[in-house]
> 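Okay, handing you the structure first.
Just so it is clear, the values below take in all heavy atoms, side chains as well, and ignore hydrogens, waters and symmetry mates.
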Amino acid sequence: QGVSEMEPFSQSGDKAAAAEAQAARGILEFVSSVEKLGQALHRHGLQTPQSAMMQLPILRLPVPPNPNPEQLDYPKYRAILQELLDGLIRAEATLAAAEGAEVKLAFDLLQVRLDLDGDGKAGDHESLGAMMRQLMRASDPVPAEMLFAFDAADILWLRGYSQFIMATAQFGLAHDF
C-alpha cells in the first residue's frame, strides 16, 4: 500500500525518472514476494519460531495465527519456496537494471502494509511499523511517521539481501526431505 505511493525526489530527466521507476518496481516486486510468503505461511498455520536457531530472515515474519490451516505436504512446501525464489529473482533483476543510477525515492515505512493473512485487506496490525515492533518486542509507541529515502546504496543493499534470501530458499529446495 505505502510502497506503491512512493514519490521520487526529483524528475530531472527521462533517464532519472526511468531509473526511479525501475527501482520502485524492484521494491514492489520484493515486497510482493515477502507478502506472498507470509500468506503461504498463514494459509498453512506456520508461525514465527521462537528459537534463536530459527531466526532466518524469511522465517521471522510475524504471521497472524490461522485457526483453520490447510495441511502442508512436501510438494506444497517446495512450491512455497519456489514462488519466493521466483519472485526474488524478478525483483533482483529489476533492481539490477536500476543499479548505478541516481535514485531518490521517499516513502513512509509505516505506511507500508503487507496482507499477511491473505484476507484482501492490510490492516494496521500488518503495517511494517507493527511488524517491526513485534519482531523487536518493543513496547514504545510507534511514531507517527518514519520517512525513508531509498537511494543507489539501498539498491545494492536490497539486491544483496534478496540474494541472501534466495540462497536460503535454494538451500531448502536443494534438499529432498
> Heavy atoms, side chains only, cut-off 4.5 Å: are Tyr77 and Asp73 in contact?
no
> So, for Leu88 and Ser33, which heavy atoms are closest and what is the spacing to 0.1 Å?
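So the two residues come closest at N-OG, 3.6 Å.
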> Describe, in one word, how the ring planes of His175 and Phe171 are oriented to each other, choosing from parallel (under 30°), tilted (30 to 60°) and perpendicular (over 60°).
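Ring orientation of His175 relative to Phe171: tilted.
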> Could you pull out the closest heavy-atom pair between Leu114 and Ala122, with the gap in Å?
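Smallest heavy-atom distance, with atoms named: C-CB, 4.1 Å.
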> Side chain to side chain contact (heavy atoms under 4.5 Å, CB included) with Pro64: which residues, sequence neighbours excluded?
His42, Leu116, Asp117
> Within the distance-only criterion (no hydrogens, no angle test), does the side chain of Asp115 pair as donor or acceptor with the backbone N or O of Asp119 below 3.5 angstrom?
yes
> Quick one: are Glu145 and Leu109 in side-chain contact, heavy atoms under 4.5 Å?
no
> Do Glu126 side-chain atoms and Gly123 backbone N/O form a donor-acceptor pair below 3.5 Å?
yes
> Can you check whether Leu46 reaches Val63 side chain to side chain, under 4.5 Å on heavy atoms?
no
> Might you point out which heavy atoms bring Arg113 and Leu110 nearest each other, and give the distance in Å?
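Closest pair (atom of Arg113, atom of Leu110, distance): NH1-O, 3.3 Å.
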> Would you name the heavy atoms of Gln163 and Glu92 that are closest together and state the gap between them?
NE2-OE2, 3.0 Å
> Over all heavy atoms of both residues, which pair between Ala98 and Ala23 is shortest? Give the atoms and the distance, please.
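Where Ala98 meets Ala23 most closely, the heavy atoms are CB-N, 3.9 Å.
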> Check whether any side-chain N or O of Arg78 sits under 3.5 Å from a backbone N or O of Leu173 as a donor-acceptor pair, and report yes or no.
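Looks like yes, one N/O pair under 3.5 Å.
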> Quick one: CZ on Arg43 to NZ on Lys36, what's the gap to the nearest 0.5 Å?
11.0 Å
> So which heavy atom on Glu29 is nearest to which on Thr94, and how close?
OE1-OG1, 2.6 Å
> Of all residues at least two apart in sequence or in a different chain, which pass the salt bridge (Lys or Arg N to Asp or Glu O under 4.0 Å) check with Asp176?
none
> Taking side chain as C-beta onward, heavy atoms only, is Lys76 less than 4.5 Å from Glu70?
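Yes, at least one pair of side-chain atoms sits under 4.5 Å.
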> Considering only distance and modelled atom types, tabulate donor-acceptor pairs under 3.5 Å from the side chains of residues 146-158, sequence neighbours left out.
from: Asp151; atom 1: OD1; to: Ala153; atom 2: N; distance (Å): 3.1
from: Asp151; atom 1: OD1; to: Asp154; atom 2: N; distance (Å): 3.3
from: Asp154; atom 1: OD2; to: Asp151; atom 2: N; distance (Å): 2.9

